[in-house]
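For reference, the structure discussed in these notes is given below.
These numbers come from the heavy atoms of this one structure, side chains and all, not from hydrogens, waters or symmetry mates. Sequential numbering from 1 along the given sequence is applied to the chain's residues. As the structure lists them, so they are numbered: ligands from 1, and atoms in each ligand from 1.
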Amino acid sequence: MVDAVPPKGDFLRRKASQIRMDLLQMIYHAKAGHTGSSLSDTDILTALYYGGVLRVQANNPKWPLRDRFIRSKGHAVEAFYCILADLGFFPKCELETYSQYGSRLIGHPNNKVPGVDMNTGALGHGLSVGVGIALSAKLDANAFRVFVLMGDGEQAEGSVWEAAMAAAHYRLDNLIGIIDWNGLQISGRTDEVMRTDPLDGKWRSFGWHVELAMGTTSMK
Ligand SMILES: [Mg+2]
């Protein structure tokens, strides 16, 4: 008897649930972590890494033609580490060392970890670096793409908009910015801390092609 191949959506939903359980165990074990922010973008990361979007190789993390992924909302690293371990970039048992003294799995993305392209944590830097990498790919005629995951609270950083403007100026169609638009940041609701609506309209006005994920409501 051969099991039916599950629909992709079911596979992705189950994988995202597994990653959420893994990251909760990791945070519980470490007694440290950014639980809400990691749970928030698990679906995004699952789609990127298991949905056939990112072109990466777990057994060859420095493959020159890999797509680059920059986790600009670097404070929430747990789902990212769990996915890299699940894919075999490093042993899954290493997750138990998260946030422990001497571990390379520190509380922010760290490029000593296979699969991590950029150290991040201070918000607002990822897109600028992504612009530079995407521009270099164009100049070298490399076909890889650069994905940058940002938080919606991070949109209050002025450097995000300098990078957005530069990306449009250089027509970087190999750069994909993703915003985890959950309406929250560490210090409260984003519309109370720093209102950025209409966020999609702002990005369009900076020359970007904008797509809203299913279920997202534009706040124009
Ligand atoms: Mg947020």
Is there a side-chain contact between Asp41 and Arg71, using heavy atoms and a 4.5 Å cut-off? yes

Side-chain heavy-atom pair Arg145, Arg55 within 4.5 angstrom cut-off: yes

Do Glu96 and Ser103 have side chains that approach each other closer than 4.5 Å (heavy atoms only, starting at C-beta)? no

Any side-chain donor-acceptor pair under 3.5 Å between Tyr50 and Asp86? yes

Which residues and atoms, protein N, O or S only, are under 2.8 Å from the Mg ion (ligand 1)? Asp152 OD1, Asn182 OD1, Leu184 O

Does the side chain of Trp161 reach to within under 4.5 Å of the side chain of Lys202, using non-hydrogen atoms? yes

Using the side chain to side chain contact (heavy atoms under 4.5 Å, CB included) definition, which of the options Leu24, Asp43, Leu45, Thr42 pairs with Ile19? Thr42

